[in-house]
Amino acid sequence: MDTRYDHNRSEAEIYESWENSGFFNPDNLSGKPFTIIMPPPNANGSLHIGHALFVTLEDIMIRYYRMRGRKALWLPGADHAGFETQVVYNKKLEREGRSFWDVPKKDLYDEIKKFTLENKQYMESQLRKLGSSCDWSREKFTLDEDIKDIVYETFESLYKDGLVYRAERPVNWCVKHQTTLSDLEIKHEERADKLYYVKYSLEDGNGFVEIATVRPETIPADVAVAVHPKSRFKEFVGKNVLNPITGKPIPVISDASVDPDFGTGALKITPYHDSADFNIWVAHKKEIPDLPVSVIDRYGKLTDEAGKELRDLKIKEARDKSLELLGNKLIKEEEYSHEVAVCYKCGSVIEPRVMMQWFVRMTDAPAKGKSLRDLAVNAVKSGKIKIIPARFGKVLMHWLMNLRDWNISRQIVWGIRIPVWYCENDHVIISEPVPEKCPECNSNNFKAEEDVFDTWFSSGQWPFATLMTKRGDFQKFYPTDVMETGWDILPFWVMRMIMFGIYRTGKVPFKTVYLHGLVRDKDRQKMSKSKGNVINPLEVAETYGMDALRMSLIIGNTAGMDPIISEDKIRGYRNFTTKIWNASRFVLMDYTEPEKKPKLSARDRKNIRDMEAAKNKVSRFIEKFDFNHAAETAYHYFWHTFADVVIEESKPRLKSDNERDAAAARETLVTILLGSLKMLHPFMPFVTETVYQELPKKVRREKFLMVEHWQ
RNA sequence: GGACGGUUAGCUCAGUUGGUAGAGCGUCUCGUUUACACCGAGAAGGUCACAGGUCCGAGUCCUGUACCGUCCACCA
C-alpha cells in the first residue's frame with residue numbers, strides 16, 4: 001500500500017471500475033427493490049454544494065440498501081428547467097452583447113437546446129465525481145420523447161376529467177421576461193410608494209366618494225367603485241360617480257370584501273389590473289355596464305384605451321401624468337409602505353393582467369372522483385406518505401389548504417409545447433403532432449397553441465414517468481421508497497408529484513419524503529456567486545477528497561436543517577480519510593494469511609462484537625434516516641475505538657514471540673477492518689473501496705466492497 | 001396580518017417514549033511508541049434565552065415573553 005492516499009487518482013479509477021462492474025444497475029442485483037428517483041438537476045450550469053448534499057444523502061441510502069441485499073435502483077435524470085434555463089440563457093446572451101428578443105424563436109430554441117445538452121453532459125461527469133452510484137443506463141431527460149408522451153397523456157386525461165381548463169383570468173405577468181408566472185414564482189417585497197386620495201364625484205353633483213389608490217394610472221380602466229355595505233359611503237350604492245380622468249359615469253356597488261377601515265373604505269374596481277378587483281367584478285357583472293379594458297400592455301406601457309394623454313407612456317411616467325390629469329380631484333398623497341408582488345428571478349414588479357391561459361383545477365373535481373388537492377391531503381393524513389422531518393407535513397398541509405388553480409401556460413420558448421390545436425371553429429384538440437382533422441367539425445385548418453408548460457407540470461410527473469418508459473420497471477419499482485429533496489421545493493415539486501402520482505397511478509409516488517436544507521457558510525449566509533462565499537464541491541474535493549466533503553455535509557446536519565459547511569470542517573474529515581488509510585495500512589502491513597484459523601481470545605471476540613454492535617447501530621440510524629448519527633457512529637468507532645484502542649492494544653502482541661497470539665491479533669484486526677470498511681462505505685465510498693481492493697483475497701468475499709454483504 | 005423554525009461549551013451543532021448535559025473544531029498541558037503530527041494521552045470550559053406551570057424528577061411536556069431567522073398573504 002502507498003504510504004499516502006492519493007484521492008484524486010483513486011476516486012477516478014474506482015468510479016470507473018464500479019460503473020463498469022454493472023452493479024449500479026439493479027438488473028444485476030437481486031432482492032426486494034429499493035428505489036430512489038433522483039431529483040433531476042437543472043441542466044443549465046454546474047453543480048453546486050447543494051447538489052453534493054443531495055447526492056451524498058441519496059447515495060448513502062442506495063449504497064446501504066444495496067449492501068443489505070436489496071435490488072437498489074437510483075434513477076438519475078436531468079431537467080430542462082424551462083423558465084430557469086431561459087433566464088440563464090438570456091443573461092448569457094446579454095453578456096455576449098446579443099438581445100434575447102432579437103433571436104428568432106426557432107433559432108432560440110435550438111440554441112438553448114444545444115446549451116442545455118452541453119451542460120447536461122458536464123453535469124453527468126460531475127455526478128460521477130461525487131460518487132453517485134446511480135444507474136446511468138436508465139437516465140432520463142425531461143425532454144425525452146417518451147417522457148413528453150406521458151406528459152401529454154396526463155394533460156389529456158386531466159382535460160377530459162375537467163381538471164384542466166382554459167380561461168381568461170388574472171395572471172402574474174413579468175414585464176421583463178414576457179411571460180406569466182405561477183403564484184409560487186412570485187415573491188412579495190416591501191416597497192415605499194405613495195397612496196393617493198382621489199375624489200370621484202357623484203354624477204348628480206351631490207357629493208363625492210373618496211378613494212385611496214397606489215395606481216392612479218389605471219383609473220381610466222375603472223369600471224366601478226366598491227364600498228363596504230356598512231361604510232360611510234353606503235348611501236351612494238346604486239348611484240353613479242364620474243371617472244375622475246375619463247369623466248365616464250361608473251356605478252357605486254356594495255361588496256363585503258372591501259375593508260371599511262382601510263384607506264377611505266372605498267375601492268376603485270379595475271378588473272384587468274388587479275385580481276381582487278377582477279373577483280369583485282365577476283360577482284357584480286350585472287350591476288356594471290362597462291366591460292373591463294386593459295390599459296397596460298405586455299411591455300408595461302399604457303394602451304390606446306388609457307386615452308391619448310397616457311397612451312404609450314411607461315407605468316411610472318403614466319402615474320405622474322395621471323396625477324396631473326386629476327388636478328384638483330387629487331385630494332392628498334401620503335407615504336405608503338406596502339408589499340408588492342415581484343418576479344422571483346428579476347425582482348421586477350409583477351403586472352396583474354387578464355389573459356387566456358391553461359389552468360389545473362386544484363381544489364374541486366367537477367367530473368368524477370376527488371380533487372387533486374384531496375388526493376394529496378388524504379395521502380399525507382393517512383400516513384401513506386411519511387414526511388421527514390415531520391413538521392414539514394404541517395407546512396405541506398398549509399400549502400394544500402391554501403391552493404388556488406394553477407396557471408401552467410408560459411410564454412417562453414424553452415419547454416414542452418402545450419399539445420393543443422384550435423380549429424377554425426375554435427374547437428380544442430389535444431394532439432401532438434398536428435391532427436389530421438377536427439373530430440367535431442372536420443376542419444383541417446388549425447392554429448397551434450404557442451405556450452409551453454410550466455416546467456413543474458412535467459417534472460411533477462417524474463416518478464411515474466421515468467419508470468413507465470422502461471418495460472417492467474413501473475411494476476417493479478413503483479411506488480418508490482424515498483423522495484429526497486430540498487424543503488424549498490416542497491410546494492413546487494413534492495406536492496405536485498403527490499397529486500399527479502396518485503391521479504395517474506392510484507398509488508403514492510413515494511413512501512417517504514426526506515427533506516434536506518439549504519447549505520450555508522459558516523456565517524449562516526446563503527451561498528451565492530455575488531457574495532463570493534460559494535464552495536465549489538468539485539474544487540474542494542480535489543483538495544481534500546470527495547469522502548471528506550461527503551462526511552462534512554452529513555455530520556452535524558439533521559433533516560430539514562440548513563447545514564453549515566466550512567473548509568475547516570472538510571479538512572477535519574480529510575484527516576479522518578488519512579486515518580482510515582493509515583490504520584488500514586498498519587493492519588495490512590505484516591498481514592499474512594494464516595494456514596489455519598487462529599484461536600481468538602475472549603478479548604478479541606469482544607472487540608469484534610463491539611465492531612458488529614457499532615455497525616448495527618449505523619444500520620438503525622440509516623434506517624431511521626438519521627444519517628448524522630449513523631456517520632458519527634462509524635467515525636467514532638473507527639477512530640476512537642478501533643484505531644485508538646484496539647490497534648494500540650494489539651501492538652505488543654504483534655511484536656511478541658508468541659506466534660499463535662500474534663496470529664490471533666492479526667486476524668482480529670483484519671476482521672474488524674473489513675467490518676469497519678463496510679460501515680463506512682455508504683458515507684465514504686472511495687477510500688473504503690480503495691482499501692478493500694488491498695485486502696487479501698481470502699478476506700474479501702466480493703469483487704467490490706460496494707456489493708459486499710453488510711452483515 | 002398569518003404560519004413555521006431557532007435560542008445548549010469560544011465556534012458549528014447533536015441530544016429519538018422526561019431520569020445527574022454530548023460530539024467535532026478551537027484552546028491549554030504533556031508526549032515522538034510497528035500506521036498516521038492530517039498523530040497520541042490528558043485538561044479546562046455550560047445557571048441548556050427568560051418567566052411561570054405539570055411532575056418524585058424538565059434541555060426534553062404545557063403556557064407566556066424576548067431576540068434571531070424563514071415562508072406565506074388579492075388591505076386598495
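The sequence lines fix the lettering, A, B, ..., with proteins before strands; numbering per chain opens at 1. For clarity, every value in this text was computed on a predicted model and none was experimentally measured.
- When Watson-Crick and G-U wobble pairs are counted only if both distances are under 3.5 Å, B/A35 pairs with no nucleotide at all.
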Which atom pairs link the protein and nucleotides 16-19 of chain B when you take only N or O atoms and keep those under 3.5 Å?
residue: B/U16; atom: O2; partner: A/K624; partner atom: NZ; Å: 2.8

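- Partner assigned to B/A21 is none, using Watson-Crick or G-U wobble distances below 3.5 angstrom.
- Partner assigned to B/G45 is none, using Watson-Crick or G-U wobble distances below 3.5 angstrom.
- For the P atoms, the distance from B/U60 to B/C38 is 42 Å, rounded to whole Å.
- Applying the Watson-Crick and G-U wobble criteria (two distances, each under 3.5 Å), B/G40 pairs with B/C30.
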For this session: Classify every nucleotide of nucleotides 38-43 of chain B by which part a protein heavy atom approaches to under 4.0 Å, writing B for the base, S for the sugar-phosphate alone and - for neither, in 5'-to-3' order.
Result: BSSS--
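- Pairing of B/U7, defined by two Watson-Crick or G-U wobble distances under 3.5 Å, is identified with B/A66.
- The six-membered or imidazole ring of A/F627 lies away from that of A/Y64, with a centre-to-centre distance of 6.0 Å or more.
- A cation-pi arrangement is present between A/K651 and A/F586 under the rule of less than 6.0 angstrom and at most 45 degrees off the ring axis.
- B/C11 and B/C50 have their P atoms separated by 16 Å, with the value rounded to a whole Å.
- B/A73 makes up no base pair with any nucleotide shown, lacking Watson-Crick or G-U wobble contacts both under 3.5 Å.
- Searching all strands for a Watson-Crick or G-U wobble partner of B/C61 with both distances below 3.5 Å returns B/G53.
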